[in-house]
Visitor: 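Structure incoming, see below.
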Number of protein chains: 2
Amino acid sequence: MTEIEKTLENYQVRPTAMRILIYKYLAEKEIAVALTDIESAFAKAERTTLYRTLKTFEEKKIVHQIDDGTGISKYALCEKGCNCEIEQDLHLHFHCNNCNETVCLTEHKIPQIKVPDGYIAEDVNLVVKGICEKCSGQ
Amino acid sequence: MTEIEKTLENYQVRPTAMRILIYKYLAEKEIAVALTDIESAFAKAERTTLYRTLKTFEEKKIVHQIDDGTGISKYALCEKGCNCEIEQDLHLHFHCNNCNETVCLTEHKIPQIKVPDGYIAEDVNLVVKGICEKCSGQ
DNA sequence: GCAATAAATGCACTTCTGTTGCACTAGTTA
DNA sequence: TAACTAGTGCAACAGAAGTGCATTTATTGC
Ligand SMILES: [Mn+2]
Ligand SMILES: [Mn+2]
Ligand SMILES: [Zn+2]
Ligand SMILES: [Zn+2]
């Protein structure tokens, strides 16, 4: 049994051929991916299968969904030590206005946000837009 | 000439009947509204007209668009003193997981966010999700 | 191993939101 | 008033997300 298969089983996801491929794809990518990205990477695969794979991965906390403001859902693998199960994954995300790529900045945690009295905060989404390091040429 | 007409002209938007109605609607609402909200409020009006009115308002900085993570664009009037033209409107938004409403927390500015070297931040979107004051019963 | 069962996949179709093209109408300007 | 510009109405389209159902594949109990 490969490393990936073990990982999937740890998350209680049956390691089918397609799931292994998608997991590998996500692991190799350093940026958040949309369903359409996976679709074009695996042209032969059914969109629905890919869609449902992502949903399963999300449910089982293998990936987290990212709303970067483009209107297209992106997904990225959760970190090894990530405890999505217990608390929210509170790192920020960066969306490059130039190359249109979105990355997890897992090292950059979201600061404590104060909300007015009466409001109860349960989750925070923080997206910074601008120019990524690849595009800024630095 | 009414107050609203004057306001619209200040923003260099011609105060047509529809625009005045929509402006009034936005002004009375205390929450961010989606195109569909306006659509149902003005059942007789054309969706495209409403759509383009919002786009015009957004361009002329009468409203700002809000991405609250629901995947549906919402809009809210900019504050009187808001200088969207110069800098970004950096207040945070709150989305209630119970009543599904989104509000501007204009008093709550977004703190300075640090990004890694090489990254250039141009804009920040911060959405807190949870229970709003109406729903929390406090 | 084999039948029964459960999970995963493939295909077709739908819904929802946002968007555009184009003709027509209303309003503005010379 | 004529020429022009801006706004509106209608129709159609695009992209993403989601669902129902039949079929295939995998798992489990015997
Ligand atoms: Mn992330
Ligand atoms: Mn706002
Ligand atoms: Zn970039
Ligand atoms: Zn609420």
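Just so it is clear: chains get the letters A, B, ... in the order the sequence lines come, proteins before strands, and each one is counted from 1.
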Visitor: What pairs of residues pass the salt bridge (Lys or Arg N to Asp or Glu O under 4.0 Å) test when at least one of them lies in residues 47-60 of chain B, not counting sequence neighbours?
Guide: B/K55-B/E58
Visitor: Would you check if the side chain of B/K109 reaches a backbone N or O of B/T106 as a donor-acceptor pair within less than 3.5 Å?
Guide: yes
Visitor: Taking the side chain as everything from C-beta on, heavy atoms only, tell me whether A/Y23 gets closer than 4.5 Å to A/V13.
Guide: no
Visitor: What pairs with B/F94 under ring pair (Phe, Tyr, Trp, His ring centres under 6.0 Å), at least two apart in sequence or on another chain?
Guide: A/Y119
Visitor: Please name the residue in the list B/I72, B/T102, B/V103 that meets the side-chain contact (heavy atoms from CB on, under 4.5 Å) test with B/I66.
Guide: B/T102
Visitor: Are the side chain of A/E9 and the backbone of A/K6 linked by a donor-acceptor contact shorter than 3.5 Å?
Guide: no
Visitor: Using only atom types and a distance under 3.5 Å, with no angle test, would you say the side chain of A/R19 pairs donor to acceptor with the backbone of A/R14?
Guide: yes
Visitor: Which whole-number value in Å describes the distance from B/K74 NZ to C/dT17 C1'?
Guide: 13 Å
Visitor: Does the protein touch nucleotides 21-30 of chain C at the base, only the backbone, or not at all? Give it as B, S and - per nucleotide, heavy atoms under 4.0 Å.
Guide: BB-----S--
Visitor: Between B/Q65 and A/T53, just flag the one whose closest nucleotide in DNA chain C comes earlier from the 5' side.
Guide: A/T53
Visitor: Once you apply a heavy-atom cut-off of 4.0 Å, does A/S73 come out as touching a base, just sugar-phosphate, or nothing?
Guide: sugar-phosphate
Visitor: Examine the side chains of A/H95 and A/N100 and answer whether a donor and an acceptor come within less than 3.5 Å of each other.
Guide: yes
Visitor: Send over the distance from B/Y51 OH to C/dC16 P, rounded to a whole Å.
Guide: 19 Å
Visitor: From the 5' end of DNA chain D to its 3' end, which nucleotides mark the outer limits of contact with chain B, defined by a 4.0 Å heavy-atom distance cut-off (strictly under)?
Guide: D/dA6 to D/dA12
Visitor: Indicate, with yes or no, if the rings of A/H93 and A/H91 have centres closer together than 6.0 Å.
Guide: yes
Visitor: Residues two or more places apart in sequence or in another chain: which of them pass side-chain contact (heavy atoms from CB on, under 4.5 Å) with B/A41?
Guide: B/Y25
Visitor: Contact list please: residues 21-47 of chain A against DNA chain D, heavy atoms, distance less than 4.0 Å, in numerical order.
Guide: A/T36, A/R47
Visitor: For C/dA8, does OP1 or OP2 lie under 4.0 Å from any side-chain N or O of A/T49?
Guide: no
Visitor: I need the CE-C1' distance between A/M18 and C/dA7, as an integer number of Å.
Guide: 17 Å
Visitor: Between A/S40 (side chain) and A/T36 (backbone), is there a donor-acceptor pair under 3.5 Å?
Guide: yes
